[in-house]
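In what follows, a single structure is set out as structure tokens and then discussed.
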Amino acid sequence: MSECIFCKIVEGEIKANKVYEDDYILAFLDANPVTVGHALVITKEHFQNFLYVPKDLLDRAINVAQKIAQAQIAGLGAKGCNILINTNEIAGQSVFHFHIHVIPRYDYNDNLKIDFMPKQIEQLSLPTIANKIKDEL
Ligand code: DGP
């Protein structure tokens with residue numbers, strides 16, 4: 001995985017502003033922050049994205065994300081946060097090493113739009129859609 005930028009951060013080949021590290025997980029500030037203190041939580045081991053991360057490491061990563069969100073509130077004065085995991089290019093993933101964005105939010109006018117307004121979309125009935133997911137679990 002020598003070409004992976006986040007593996008290089010894990011190996012210390014590229015510098016990052018680390019905020020947390022243990023044997024499995026690393027967290028550091030995003031180089032292109034969307035708000036002050038925007039952090040990334042990664043597994044040290046390379047996984048292409050969320051879909052491939054073993055459950056025990058996912059647990060560790062989300063626990064660290066929670067700690068960082070709490071610290072952003074306590075230390076930076078954030079009032080909330082968005083936790084975001086972009087998965088595959090279609091969803092905006094640009095670095096193909098699993099990471100969780102921990103994005104602190106400070107005010108309503110910060111110009112960061114994460115838009116969950118309902119859209120007019122063509123879709124099957126909701127029970128049919130629910131069954132299509134349930135059948136794969
Ligand atoms: P995503 O689009 O979800 O794959 O997010 C990747 C994030 O990684 C993006 O917000 C910018 C950040 N990033 C890319 N390269 C570097 C880097 O070399 N250092 C740091 N700290 N962040 C990086």
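One-based numbering, in listed order, for ligands and for the atoms of each. Given the structure is predicted, the values throughout are model-derived calculations rather than measurements.
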Test side chain to side chain contact (heavy atoms under 4.5 Å, CB included), reference H99, set I85, L40, V41, output is L40

Measuring from non-hydrogen atoms of L84 to any atom of ligand 1, is the shortest distance under 4.0 Å? no

For I5, counting its heavy atoms only, list the atoms of ligand 1 lying under 4.0 Å from any of them. 18 (O)

Side-chain contact test, heavy atoms from C-beta onward, threshold under 4.5 Å: evaluate it for F98 versus L58 and give yes or no. yes

Take every heavy atom of H101, measure it against each atom of ligand 1, and state whether any distance is under 4.0 Å. yes

Residue and atom name of the nearest protein heavy atom (relative to atom 1 (P) of ligand 1), distance in Å to one decimal: H99 NE2, 3.2 Å

Does any non-hydrogen side-chain atom of Y24 lie less than 4.5 Å from one of T43? no

Could you state whether Y106 and V102 fall into the same hydrophobic cluster, counting links through intermediate Ile, Leu, Val, Met, Phe, Trp or Tyr residues with side-chain heavy atoms under 4.5 angstrom apart? no

Looking at N86, D30, I100, the heavy atom closest to atom 7 (C) of ligand 1 belongs to D30

Contact partition for L29 relative to ligand 1, non-hydrogen atoms under 4.0 Å: backbone

With backbone taken as N, CA, C and O and side chain as the heavy atoms from C-beta onward, which portion of L40 lies under 4.0 Å from ligand 1: side chain, backbone, both, or neither? side chain

Checking the side chain of H46 only, and the main-chain atoms of F96 only, is there a donor and an acceptor separated by less than 3.5 Å? yes

Could you walk me through whether I100 and V64 satisfy the side chain to side chain contact (heavy atoms under 4.5 Å, CB included) test, starting with their C-alpha distance in whole Å, then the side-chain angles of each, then the deciding distance to 0.1 Å, before giving a yes or no? CA-CA 10 Å; I100 304 174; V64 172; over 6 Å; no

Within-4.5 Å side-chain heavy-atom neighbours: H97 and I9: no

Would you check the N or O atoms of V95, main chain and side chain alike, for any that come under 3.5 Å of an N or O of ligand 1? yes

Can you sort out which atoms of ligand 1 are near N32, meaning under 4.0 Å from one of its heavy atoms? 11 (C)

Protein contact to atom 4 (O) of ligand 1 [nearest heavy atom, distance to 0.1 Å]: S94 N, 2.7 Å

Would you say K44 and E21 make side-chain contact, with heavy atoms under 4.5 Å? yes

contact_flag F96 ligand 1 heavy-atom lt 4.0 Å: no

Contact check: A31 vs ligand 1, nitrogen or oxygen atoms, below 3.5 angstrom: yes

Should you measure from each heavy atom of Q93, which atoms of ligand 1 turn up under 4.0 Å away? 4 (O)

Are I62 and Y52 connected, step by step, through hydrophobic side chains (Ile, Leu, Val, Met, Phe, Trp, Tyr) whose heavy atoms are closer than 4.5 Å? yes

Atom 13 (N) of ligand 1 [closest protein heavy-atom partner, distance rounded to 0.1 Å]: F6 CE2, 4.1 Å

For residues L84 and N86, determine if any side-chain heavy atom of one lies less than 4.5 Å from a side-chain heavy atom of the other. yes

Check each atom of ligand 1 against the heavy atoms of F28 and keep those under 4.0 Å away; list them by number with element. 20 (C), 21 (N)

I'd like to know if G92 contacts ligand 1, where contact means a heavy-atom distance under 4.0 Å to any ligand atom. yes

So which bit of A16 gets within less than 4.0 Å of ligand 1, heavy atoms only: side chain, backbone, both or neither? neither

For I9, the atoms of ligand 1 under 4.0 Å from one of its heavy atoms are 19 (N)

Counting only heavy atoms not in Y20 (residues, nucleotides, ligands), do more than 12 fall under 6.0 Å from its OH? yes

